[in-house]
Amino acid sequence: MITRRFKLVGLALFGVAFALAATPVLAADTKVAVAANFTEPAKAIAAAFKAKTGHTATLSFGSSGQFYTQMAHGAPYEVFLSADAERPLKAEQEGLAVPGARFTYAVGRLVLYSRTPGLVDGKGAVLASDRFAKLAIADPAAAPYGEAAVETMRKLKVYDALAPKIVRGASITQAYQYVATGNAELGFVALSQVIDQPGGSRWLVPAADHAPIQQQAVLLRTGEKNPAARAFLTFLKSPAAIAIIRRYGYEVR
């Protein structure tokens, strides 16, 4: 009887040990600053990351320029998913980021979008017409998608004529909201924002019409010793994360 009791206790202890081994014991949290265009894929990646590792990624969304200003003034973000390559590089050069931890996680695509069917044609010729009063873009000084929009308009030689019609959002999210609410008839937004939107009309801007929107990630000094921060960046390169990124219309190189 005693021997049988010992066996039962041993089996119970083995079960507890197995359960502990199967679940991350040191699950942690990391604070991630995410460029607004990457909102939906970042949410999906964070959920998959937690399911895979047990770690939690707490996400904040906004313009890359605003995030950089906040980080330079001590904001406690540990990972930065920028909409460009310039600011992660600058963070590295100015000692805010861990050297060698920077990489391109996605290449974004720009879209001219309207809720109105037929307003935006397949070549963007509407930009040279008088069929709209307001055109939304993200602030070029803070958001790379806004900068790409200006480059595109200059290449098409319509920027000067359109300047009085342009309304600037603080981020690409606000630019999209201007179009979604009808405050602007059309606007330059990220493909990821409208990829699942039915109806309306759109023009996928050729990649050659503006500089590549290389979106880089970097580990910040504040997250250097946080295993969750490092694990999140590792997961961002995984096949599971790459599948999500491509699902939202981004290129991965």
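The structure presented is a predicted model; accordingly, all values stated were derived computationally and were not measured. Computation of the quantities below employed the complete heavy-atom set of this structure, encompassing side-chain atoms and omitting hydrogens, waters and symmetry-equivalent molecules.
- Here the closest non-hydrogen pair linking Leu112 and Gly124 is CD2-CA, 4.5 Å.
- Here the closest heavy-atom approach between residue Pro144 and residue Asp84 is recorded as CG-CB, 3.3 Å.
- The closest donor-acceptor contact from the side chain of Tyr105 to the backbone of Ser82 lies under 3.5 Å.
- Between the NZ atom in Lys165 and the CG atom in Leu127 there is a gap of 9.5 Å [rounded to 0.5 Å].
- Nearest heavy-atom pair across Pro99 and Glu92 is CA-OE2, 3.7 Å.
- Atom CZ of Phe61 and atom CD1 of Ile172 lie 15.0 Å apart (nearest 0.5 Å).
- Between the Ser192 side chain and the Asn37 main chain, a donor and an acceptor come within less than 3.5 Å of each other.
- Judged purely by distance below 3.5 Å, without hydrogens or angles, the side chains of Tyr248 and Gln193 never pair a donor atom with an acceptor atom.
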Check: Is there a side-chain contact (heavy atoms from CB on, under 4.5 Å) between Thr152 and Trp203 once you walk through the steps?
Finding: CA-CA 12 Å; Thr152 298; Trp203 170 50; 4.2 Å; yes
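- With contacts defined as side-chain heavy-atom distances shorter than 4.5 Å, the pair Phe38/Tyr250 qualifies.
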Check: Run the side-chain contact (heavy atoms from CB on, under 4.5 Å) check on Arg221 and Leu96 step by step: do they pass?
Finding: CA-CA 6 Å; Arg221 288 287 189 185; Leu96 297 175; 5.7 Å; no
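- The distance from atom CD of Glu40 to atom CD1 of Ile45, rounded to the nearest 0.5 Å, is 11.5 Å.
- Ion pairing between Lys50 and Asp29 fails under the 4.0 Å rule for side-chain N and carboxylate O.
- Residues Phe232 and Ala46 approach most closely at CE1-CA, 4.5 Å, considering heavy atoms.
- With contacts defined as side-chain heavy-atom distances shorter than 4.5 Å, the pair Met71/Leu220 qualifies.
- Two residues are said to be in side-chain contact when any heavy atoms from C-beta on lie closer than 4.5 Å; Val98 and Val218 fail this criterion.
- Under the 3.5 Å distance criterion, the side-chain polar atoms of Thr104 are left unmatched by any main-chain donor or acceptor of Ala106.
- The backbone N or O of Ala83 sits less than 3.5 Å from a side-chain atom of Ser64, completing a donor-acceptor pair.
- Residue Ile213 is grouped with residue Ile244 when hydrophobic side chains (ILVMFWY) are merged at heavy-atom distances under 4.5 angstrom, including chains of intermediate members.
- Here the side chains of Arg246 and Val252 are in contact, with some heavy-atom distance below 4.5 Å.
- Under the 4.5 Å side-chain contact rule for hydrophobic residues, Val107 and Val34 do not share a cluster.
- Relative ring orientation between Phe49 and Phe235 is described as tilted, the plane-to-plane angle lying within the 30° to 60° band.
- Counting heavy atoms from C-beta outward, Gln215 and Leu81 have side chains that stay 4.5 Å or more apart.
- Using a 4.5 Å cut-off on side-chain heavy atoms (C-beta onward), Glu147 and Glu151 make contact.
- Glu185 contributes a side-chain N or O that, together with a main-chain N or O of Lys134, makes up a donor-acceptor pair within less than 3.5 Å.
- Closest non-hydrogen pair, Ser114 versus Val179, comes out as CA-CG1, 4.1 Å.
- Minimum heavy-atom separation, Arg131 to Gly118: NH2-O, 3.7 Å.
- When atom types are taken as modelled, the side chain of Thr222 and the backbone of Pro76 share no donor-acceptor pair closer than 3.5 angstrom.
- A distance-only check finds no donor-acceptor pair linking the side chain of Ser238 to the backbone of Thr234 [under 3.5 Å].
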Next item on the list: Tell me, with the steps shown, if Arg230 and Val79 meet side-chain contact (heavy atoms from CB on, under 4.5 Å).
Entry: CA-CA 9 Å; Arg230 289 187 174 276; Val79 173; over 6 Å; no
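- Of the listed residues (Glu86, Arg87, Gln93), just one forms a side-chain contact (heavy atoms from CB on, under 4.5 Å) with Leu89, and that residue is Gln93.
- Remark: side-chain polar atoms of Ser63 are paired, donor with acceptor, to backbone N or O of Gln66 under 3.5 angstrom.
- Panel note: side chain Arg102, backbone Ala91; no donor-acceptor pair is recorded below 3.5 Å.
- Val32 is not listed as a side-chain neighbour of Thr58, based on a closest heavy-atom distance of 4.5 Å or more.
- A donor-acceptor pair under 3.5 Å is formed between the side chain of Ser201 and the backbone N or O of Val120.
- Under the 4.5 Å side-chain heavy-atom criterion for Ile, Leu, Val, Met, Phe, Trp and Tyr, Val167 and Met153 are members of distinct hydrophobic clusters.
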Notebook entry, point to check: Would Val189 and Tyr145 satisfy side-chain contact (heavy atoms from CB on, under 4.5 Å), going step by step from the backbone distance to the final call?
Noted result: CA-CA 7 Å; Val189 301; Tyr145 281 81; over 6 Å; no
Next item on the list: Determine, stepwise, if the pair Arg247 / Asp196 fulfils salt bridge (charged side-chain N to carboxylate O under 4.0 Å, His left out).
Entry: CA-CA 10 Å; Arg247 155 75 181 79; Asp196 290 329; 2.9 Å; yes
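- Leu110 and Val126 fall within the same hydrophobic cluster, defined by Ile, Leu, Val, Met, Phe, Trp and Tyr side-chain heavy atoms under 4.5 Å apart, directly or through other members.
- With respect to Arg253 and Glu251, a salt bridge is recorded, a charged nitrogen being found less than 4.0 Å from a carboxylate O.
- Residues Ile166 and Phe188 are not in side-chain contact: their nearest non-hydrogen atoms beyond the backbone lie 4.5 Å or more apart.
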Item checked: Working for salt bridge (charged side-chain N to carboxylate O under 4.0 Å, His left out), residues Lys31 and Glu78 -> CA-CA 5 Å; Lys31 297 177 177 62; Glu78 298 173 322; 5.7 Å; no
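- Grouping the Ile, Leu, Val, Met, Phe, Trp and Tyr side chains by contacts below 4.5 angstrom, directly or via other members, places Phe80 apart from Leu59.
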